[in-house]
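Let me begin by presenting the structure, written as structure tokens, before commenting on it.
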Amino acid sequence: MAQAALNIVRSSFYADAAQVADILQPEEAVFCFSEASLRQRLGEFTAGFPGDVSFAVKSNPSREVVRALAEAGLNQWDVASVQEMALVHAVQPGAHFHYHNPVKSRREIANAYHKHGCRRFAVDSREEVAKVAEMTGGDRRVELAVRFVLPRDQSNAAHDFSTKFGAAPQTAMALLKDIAQRGFRPVLTFHPGSQSRDPGVYVRHIEAAAQIVEGSGVRVGTLNVGGGFPASYPLSRPAPLATFFTAIAEATTRHFGKGNEPRLECEPGRGLVANSMSLLTRIKLVCSDGDDIFLNDGIYGGLMEFMQVPELQPPYRVIRDGAVLTGRTKPWKVFGPTCDPLDVLPARLDLPEDIRDEDYIEFGTLGAYGIATSTLFNGYGDHAVIPVAEVFNG
Ligand SMILES: *Cc1c(COP(=O)(O)O)cnc(C)c1O
């Protein structure tokens, strides 16, 4: 699309979701996206994190978000698949990728390497090291990032990531040696779990990283501290990002030694995008003799994560005639639009007693794992993304 045309589309944005509801009156659920709030948060990361910042595409693979980040200057992307590389490359031809999914098929490795110029692959097993070596022809520019994991009780995330991926410290040492012997560039990485509220979890991983490097005797130039940075939800209010950045910088110096610190990287998903999108849903039915309401979106759509991790309940508010509806509330049982009885929110929502069908409910803080995990079950879920100046975050 010509740049001029893009600017026209973008300058016609709405003030907020209430205005979208009032003017567009969307029948289908839509995501409202504030590019300004995404840029502001990216600025916090790039100005405050003591190293390089990339974006975990899986948390929000919409073209709007990828384009906004690319235009703001981001050019390193943590990707889970070759499909995500294609998506980013269509927006930013010069993009650099970290293929940090520790399990990849041979063909995926080859496509990443040949078609997308990917030179960074995560591994957590000997078998995967051998596969990457085979499919990249022993190219010495390739970086292999060993993903390690600590015992489970050392994480305190809303979403524990330690049960699927990651090598125990002893295995990580062996993998680093293997990688160095093969002539690849060794990198060390971890993911402390999504929505990690305790800066100490990064500190403990950095301490372990230093021990792994020491125990392996391999020089590691780069330490990637993963994602996991928390966003603010009504039931999960974390410390500011700066607290995490300071803890990470101090722990790196303390455990690796001054002058001997590896280059740091982070790859936030949630912590970067969560506050830049809200989901604008519409009430289809209010059962007046009970306390049931039916929405045009639910757990198979933008609200799946709320189902998986009730602690990540999004903030919400009701909109009627372009304004927020207030007044006495009561707890309502909220169903989604599909014909599956499972399609009900895991907690009742306190909503005004006099809500009615065609009112809107805006759910905030859904920029991460909202549009990303939405399905097309029952024909719903093909969300439009509407640019707004500001989104509601509770
Ligand atoms: C999911 C993921 C991320 C992003 O995690 P958040 O908790 O959303 O920040 C970063 N890196 C890797 C390897 C991941 O799998």
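Since the model is a prediction, treat every value here as computed from it, not as a measurement. Atoms within a ligand are numbered from 1 in the order they appear, just like the ligands themselves.
Taking a cut-off of under 4.0 Å to the non-hydrogen atoms of Ser194, the atoms of ligand 1 that pass are 6 (P), 7 (O), 8 (O). Distances below 4.0 Å separate heavy atoms of Arg147 from the following atoms of ligand 1: 13 (C). Residue-ligand proximity, Tyr369 to ligand 1, at heavy-atom distances under 4.0 Å covers atoms 1 (C), 4 (C), 5 (O), 6 (P), 8 (O). Counting atoms of ligand 1 from 1 in the listed order, those under 4.0 Å from a heavy atom of Gly228 are 5 (O), 6 (P), 7 (O), 9 (O). Near Arg270, meaning under 4.0 Å from one of its heavy atoms, ligand 1 places the atoms 6 (P), 8 (O), 9 (O).
Residue contact check for ligand 1: Phe165 places no non-hydrogen atom closer than 4.0 Å to it. Using a 4.0 Å heavy-atom cutoff, Ala368 is absent from the residues neighbouring ligand 1.
Between Glu128 and Lys104 there is a salt bridge, since at least one side-chain N of the basic residue sits less than 4.0 Å from a carboxylate O of the acidic one.
Using a 4.5 Å heavy-atom cutoff, the side chains of Lys131 and Glu108 are not in contact.
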*Any chance you could lay out the side chain to side chain donor-acceptor pair (under 3.5 Å) test for Thr253 and Glu261, step after step, and finish with the verdict?*
CA-CA 6 Å; Thr253 301; Glu261 297 98 332; 2.9 Å; yes
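With Ile179 as reference, Leu144 is the one residue of Leu144, Val142, Val220 to meet the side-chain contact (heavy atoms from CB on, under 4.5 Å) rule. Each of Gln76, Glu265, His96 was compared with Arg120 under the side chain to side chain donor-acceptor pair (under 3.5 Å) criterion, and only Glu265 meets it.
Of the protein's non-hydrogen atoms, Ala56 CB, 3.4 Å is the one closest to atom 4 (C) of ligand 1. From the protein, the heavy atom lying nearest to atom 1 (C) of ligand 1 is Lys58 NZ, 1.3 Å. Nearest non-hydrogen protein atom to atom 5 (O) of ligand 1 is His191 NE2, 2.8 Å.
Side-chain polar atoms of Ser34 and Glu390 form no donor-acceptor pair below 3.5 angstrom. Between the side chains of Trp77 and Glu267, no donor-acceptor pair is found at a separation under 3.5 Å.
For a threshold of 3.5 Å applied to N or O pairs, the pair formed by Glu267 and ligand 1 contains at least one separation below that value. For ligand 1, the polar-atom distance check against His100 finds no nitrogen or oxygen pair separated by under 3.5 Å. At under 3.5 Å, not a single nitrogen or oxygen of Ser59, backbone or side chain, sits near a nitrogen or oxygen of ligand 1. Geometrically, ligand 1 and Gly271 share no nitrogen or oxygen pair separated by less than 3.5 Å. Not a single N or O atom of Gly227, backbone or side chain, sits closer than 3.5 Å to an N or O atom of ligand 1.
Cluster membership check: Phe245 shares its hydrophobic cluster with Leu42, using side-chain heavy-atom separations under 4.5 Å among Ile, Leu, Val, Met, Phe, Trp and Tyr.
Summarising the geometry, atom OG belonging to Ser54 is positioned 7.0 Å from atom CG belonging to Leu74; distances are rounded to the nearest 0.5 Å.
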If you look only at distance, which donor and acceptor atoms sit under 3.5 Å apart when one is on a side chain in residues 339-347 and the other is two or more places apart or in another chain?
residue	atom	partner	partner atom	Å
Asp340	OD1	Leu342	N	2.8
Asp340	OD2	Tyr300	OH	2.4
Asp343	OD1	Ile299	N	3.1
Asp343	OD2	Thr338	N	3.1
Asp343	OD2	Thr338	OG1	2.7

